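What you are looking at is a predicted structure, and each value in this text was computed from that prediction instead of being measured. In what follows, chains are A, B, ... by sequence order, proteins preceding strands, each numbered from 1.
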Amino acid sequence: MSEETTGTRSNFITDIIDEHLENGRFDHVHTRFPPEPNGYLHIGHAKSICLNFGVAEQYNGLTNLRFDDTNPTKEEVEYVESIKADVKWLGFDWDDRLFYASDYFDPLFDYAIQLIKKGKAFVCDLSAEELREYRGTLTKPGRNSPYRDRSIEENLDLFQRMKAGEFADGSRTLRAKIDMSSPNFNMRDPVMYRILHESHHNTGDEWCIYPMYDYAHALSDSLEHITHSICTLEFEDHRPLYDWFLDQLGVWHSQQIEFARLDLTYTVMSKRKLLQLVKEGYVSGWDDPRMPTISGMRRRGYTPEAIRAFADTIGVSKANSMVDVELLEHVVRDDLNNRARRVMAVLEPLKVIIDNYPEELEEEFEVPYFPWDRDDSPTRMVPFSREIYVERSDFMEDPPKKFYRLSPGTEVRLMNAYYITCTDVIKDDSGNVVELHCTYDPESQGGMSPDGRKVRGTLHWVSARHAVEAECCLYDYLFTKADPYEVEEGGQFTDNVNPDSLTVIPNAKLEPSLRTAQACEPFQFMRQGYFCADYGDSSPEHLVFNRTISLVDTWAKMQKQREG
RNA sequence: UGGGGCAUGGUGCAACGGCAGCACAGCGGACUUUGAAUCCGUUGAUCCAGGUUCGAAUCCUGGUGCCCCGGCCA
């Protein structure tokens with residue numbers, strides 16, 4: 001039923017929800033997307049966003065955006081702004097339900113008092129190192145803190161004074177009183193509050209004690225009456241603690257559900273690692289088009305629809321897996337194929353002089369942007385003249401078999417213009433081809449000849465006199481290894497950074513219509529790939545285009561196979 | 001036997017006791033004013049061993065492999 005209306009497949013999460021709806025555990029669906037504002041969102045977060053918003057939509061439910069901002073040492077407003085922008089850009093709407101865990105510091109404090117009064121929490125004076133020692137090991141149970149049996153009154157007093165700022169960072173914590181012999185570390189009297197004399201991006205200096213994730217998250221979900229709290233696999237062990245807090249307090253009890261995070265080949269997906277790439281200058285910033293961040297992908301020319309289609313395609317499960325980046329690329333190409341205007345641009349120009357074309361003559365051809373829909377497509381005028389540029393790789397003096405492009409004596413079609421035949425090859429002293437001379441067939445205007453003779457090769461071109469120059473950035477994978485973490489002894493993932501991930505072409509030749517391209521507006525440079533003007537660096541005076549992704553290149557693949 | 005989780009073509013996801021299917025990748029072909037797109041065809045999988053059953057990817061038992069957990073991070 002829900003499948004037909006949204007196109008979303010069912011999965012183990014919708015199975016759980018269906019069960020809850022049937023057995024009456026819940027009568028509606030309310031999810032949340034809870035990022036910590038300590039970095040920019042990446043494609044892995046996009047999966048989670050699509051999941052949370054998608055599942056809610058599927059059940060006519062709601063989704064909150066909540067910033068999980070309980071650690072002021074890592075969080076910044078720059079990040080909250082970028083996260084809001086990214087979620088919006090992806091096409092999701094939290095309406096007026098924008099929350100911060102830090103909005104709940106007061107009620108969270110009150111809940112902590114309640115737990116103390118119930119004898120379920122205590123102030124502990126153990127140092128961090130001592131606490132680690134008391135916690136035990138994987139196989140050995142922990143030991144009770146010597147402060148575990150403080151009176152409720154003393155705990156209340158101490159906790160208030162922690163809040164009042166009487167104690168130094170790290171000198172005391174508030175801990176839940178659970179079970180130091182639990183095989184699950186999260187239940188060995190976990191820390192609920194730590195002292196941090198640190199300014200918070202949202203609450204400023206109002207607080208010097210901050211709640212820990214497990215405590216804050218469970219209760220934030222509860223306060224917002226979230227039904228299904230969807231998170232990643234590593235929190236599976238935390239669920240008993242999540243449940244414990246809510247049970248002890250007897251409050252609204254959300255169901256935590258864990259799924260496998262996204263892992264992509266040739267990509268790192270941890271905010272810490274991405275931050276390192278930014279800080280150490282491997283990329284120009286969080287929104288560098290090579291980054292797997294949502295802002296990087298946006299800048300590169302991916303559309304929100306493509307990213308959502310990708311999330312849809314990969315599905316969701318509990319199995320750790322590594323998605324092949326080619327799947328992402330396929331979805332991006334598929335999306336762009338349907339929306340990108342077709343234009344002509346020459347990346348590596350080779351001058352062609354058409355000897356029998358009149359020197360002063362200029363023609364303009366009206367060319368549709370969507371060639372498969374000639375009648376209804378918008379068009380633009382493309383100028384033609386005696387000297388044009390073609391792609392250097394479209395000429396070979398000594399071509400192999402099945403090379404359908406230009407070579408001495410062969411005839412090819414200039415897309416939407418004329419047939420030309422190469423008559424002469426001009427080289428410099430070192431033997432490099434610098435210029436081609438051709439003749440054209442005036443009868444073949446528009447790219448068809450009246451005699452119907454077949455011309456196999458079709459080339460894109462740009463009139464030299466009218467060409468607009470642009471910088472073009474071509475991107476390759478940021479890493480040379482499918483798994484960037486596969487390193488030599490003592491190495492680290494940055495050893496696998498691809499030194500050729502960015503190729504800048506300083507002066508590509510574009511057809512003049514591209515002068516007015518809008519940032520992020522998708523174009524297909526025919527026979528090359530999808531490109532868009534860079535929203536940061538491009539201007540009418542200095543055009544900069546990013547290659548979003550190349551076209552599938554069967555010819556290049558054949559060549560490679562021949563070599564290998 | 002510390003605890004928790006996961007195993008289906010090369011990759012990701014379905015099949016919920018009844019013919020193992022979809023997408024990507026691969027391979028072959030058609031078409032083509034993009035060596036793109038499109039269209040058609042096609043190779044290829046249930047971790048292992050037992051058991052229950054007329055029938056098991058699915059249920060049971062025992063193995064094996066991989067992932068997560070000893071922050072006052074999230």
Visitor: So, does A/R135 get its side chain near the phosphate of B/G71, meaning an N or O under 4.0 Å from OP1 or OP2?
Guide: yes
Visitor: Are A/T313 and B/G12 close enough that a side-chain N or O sits under 4.0 Å from OP1 or OP2?
Guide: no
Visitor: Would the distance check show the side chain of A/T173 and the main-chain N or O of A/R175 forming a donor-acceptor pair, the cut-off being under 3.5 Å?
Guide: no
Visitor: With rounding to the closest Å, how many angstrom separate the C1' atoms on B/A15 and B/G28?
Guide: 29 Å
Visitor: Given the P atoms of B/C16 and B/A57, what is the spacing between them in whole Å?
Guide: 12 Å
Visitor: Could you tell me how far apart A/E258 (CD) and B/A74 (P) are, to the nearest whole angstrom?
Guide: 18 Å
Visitor: With hydrogens left out and only the distance checked, is there a donor-acceptor pair under 3.5 Å joining A/Q524's side chain and the base of B/U34?
Guide: yes
Visitor: A/M162 has an atom CE; how far is it from atom P of B/C72, in whole Å?
Guide: 13 Å
Visitor: B/A30 and B/G21: how far apart are their P atoms, nearest whole angstrom?
Guide: 28 Å
Visitor: Can you tell me if A/Q561 touches the phosphate of B/C27, counting only side-chain N or O atoms and a distance under 4.0 Å to OP1 or OP2?
Guide: yes
Visitor: Roughly, in whole Å, what's the span from CG in A/N184 to P in B/G71?
Guide: 14 Å
Visitor: Has the side chain of A/D237 got a donor or acceptor atom sitting under 3.5 Å from an opposite partner on the base of B/G3?
Guide: yes
Visitor: Is any side-chain heavy atom of A/D86 closer than 4.5 Å to a side-chain heavy atom of A/T293?
Guide: no
Visitor: Once you round it to whole Å, what is the distance between P of B/G3 and NE2 of A/H238?
Guide: 18 Å
Visitor: So, A/R413 and A/T458: side-chain donor and acceptor under 3.5 Å apart, yes or no?
Guide: yes
Visitor: Given pairs defined as Watson-Crick or G-U wobble with both distances under 3.5 Å, what dot-bracket annotation applies to RNA chain B, with ( ) intrastrand, [ ] crossing, | other strand and . unpaired?
Guide: .((((((..((((....[..)))).(((((.......)))))....(((((..]....))))))))))).....
Visitor: Say we look at B/C40 and B/A7: how far apart would their C1' atoms be, to the nearest angstrom?
Guide: 35 Å
Visitor: Donor-acceptor pair, distance only, cut-off 3.5 Å: does the side chain of A/D451 make one with the backbone of A/R453?
Guide: yes
Visitor: Could you state the atom-to-atom distance from CG of A/D263 to P of B/C13 in whole Å?
Guide: 11 Å
Visitor: Do the rings of A/Y213 and A/H238 sit parallel, tilted or perpendicular, given the 30° and 60° boundaries?
Guide: perpendicular
Visitor: Stacking between A/W555 and B/G35, defined as ring centres under 5.5 angstrom apart with planes under 30°, is that present or not?
Guide: yes
Visitor: Regarding B/U34, can its base be found pairing with the side chain of A/R413 as donor and acceptor, where the two atoms are less than 3.5 Å apart?
Guide: no
Visitor: Could you tell me whether the phosphate oxygens of B/C73, OP1 or OP2, come under 4.0 Å of any side-chain nitrogen or oxygen in A/T73?
Guide: no
Visitor: Take atom P in B/C54 and the same atom in B/C68, then report the distance between them in whole Å.
Guide: 43 Å
Visitor: Are A/R150 and A/D125 within salt-bridge range, i.e. N to O under 4.0 Å?
Guide: yes
Visitor: Ring-plane angle category for A/F33 and A/H45, please: parallel below 30°, perpendicular beyond 60°, tilted otherwise.
Guide: perpendicular
Visitor: In terms of the angle between their ring planes, are A/Y100 and A/H201 parallel, tilted or perpendicular, with boundaries placed at 30° and 60°?
Guide: tilted
Visitor: B/C24, B/U34, B/C72: which one has an atom nearest the side-chain heavy atoms of A/E326?
Guide: B/C24
Visitor: Please classify B/G28 as syn or anti, treating any glycosidic angle within 90° of 0 as syn.
Guide: anti
Visitor: Separation of A/F310 atom CZ from B/G12 atom C1', in whole Å?
Guide: 9 Å
Visitor: Would A/D169 and A/R194 pass as an ion pair if we require N to O under 4.0 Å?
Guide: no
Visitor: Ignoring hydrogens and angles, state whether a donor on the side chain of A/E391 or A/Q528 is under 3.5 Å from an acceptor on the partner side chain.
Guide: yes
Visitor: For B/C22 versus B/G44, give the span between their P atoms, rounded off to a whole number of Å.
Guide: 14 Å
Visitor: Below 4.0 angstrom from OP1 or OP2 of B/C13, is there any side-chain N or O of A/S321?
Guide: yes
Visitor: If I pick the P atom on B/G62 and the same atom on B/G71, what distance separates them, to the nearest angstrom?
Guide: 33 Å
Visitor: Can you find a donor-acceptor N/O pair under 3.5 angstrom joining the side chain of A/D15 to the base of B/C16?
Guide: yes
Visitor: Answer yes or no: does a side-chain N or O of A/K318 lie under 4.0 Å from OP1 or OP2 of B/C68?
Guide: no
Visitor: Can you tell me how the ring of A/F493 sits relative to the ring of A/F479, calling it parallel under 30°, perpendicular over 60° and tilted otherwise?
Guide: tilted
Visitor: How about A/Q256 and A/S229: does a side-chain donor come under 3.5 Å of a side-chain acceptor?
Guide: no
Visitor: Within residues 38-46 of chain A, which residues have any heavy atom lying less than 4.0 Å from an atom of RNA chain B?
Guide: none
Visitor: Could you state the CZ-C1' distance from A/R341 to B/A37, rounded to the nearest angstrom?
Guide: 19 Å
Visitor: Is there a side-chain polar atom (N or O) of A/R272 under 4.0 Å from OP1 or OP2 of B/A74?
Guide: no
Visitor: Quick one about A/S102 and A/N202 (side-chain donor to acceptor, distance below 3.5 Å, no hydrogens or angles considered), yes or no?
Guide: yes
Visitor: Looking at B/U34, I'd like to know if its phosphate oxygens (OP1 or OP2) sit under 4.0 Å from a side-chain N or O belonging to A/H460.
Guide: no
Visitor: Looking only at the side chains, is there a donor atom on one of A/Y40 and A/E78 sitting less than 3.5 Å from an acceptor on the other?
Guide: yes
Visitor: Rounded off to whole Å, could you give me the CG-to-P distance for the A/N338 and B/A36 pair?
Guide: 17 Å
Visitor: What's the closest nucleotide to the side chain of A/T173 if the choices are B/C27, B/A74, B/C72?
Guide: B/C72
Visitor: Under 3.5 Å, is there any donor-acceptor pair linking the side chain of A/R405 to the base of B/G35?
Guide: yes
Visitor: Kindly say if A/R333 contacts the phosphate of B/A36, meaning a side-chain N or O under 4.0 Å from OP1 or OP2.
Guide: no
Visitor: Quiz question: by atom type and distance under 3.5 Å, do the side chains of A/S181 and A/D179 form a donor-acceptor pair?
Guide: yes
Visitor: Between the protein and nucleotides 39-45 of chain B, are there any N/O to N/O pairs under 3.5 Å, and if so, what are the atom names and distances?
Guide:
none

Visitor: Is A/R527 near enough to B/G35 that one of its side-chain N or O atoms lies under 4.0 angstrom from OP1 or OP2?
Guide: yes
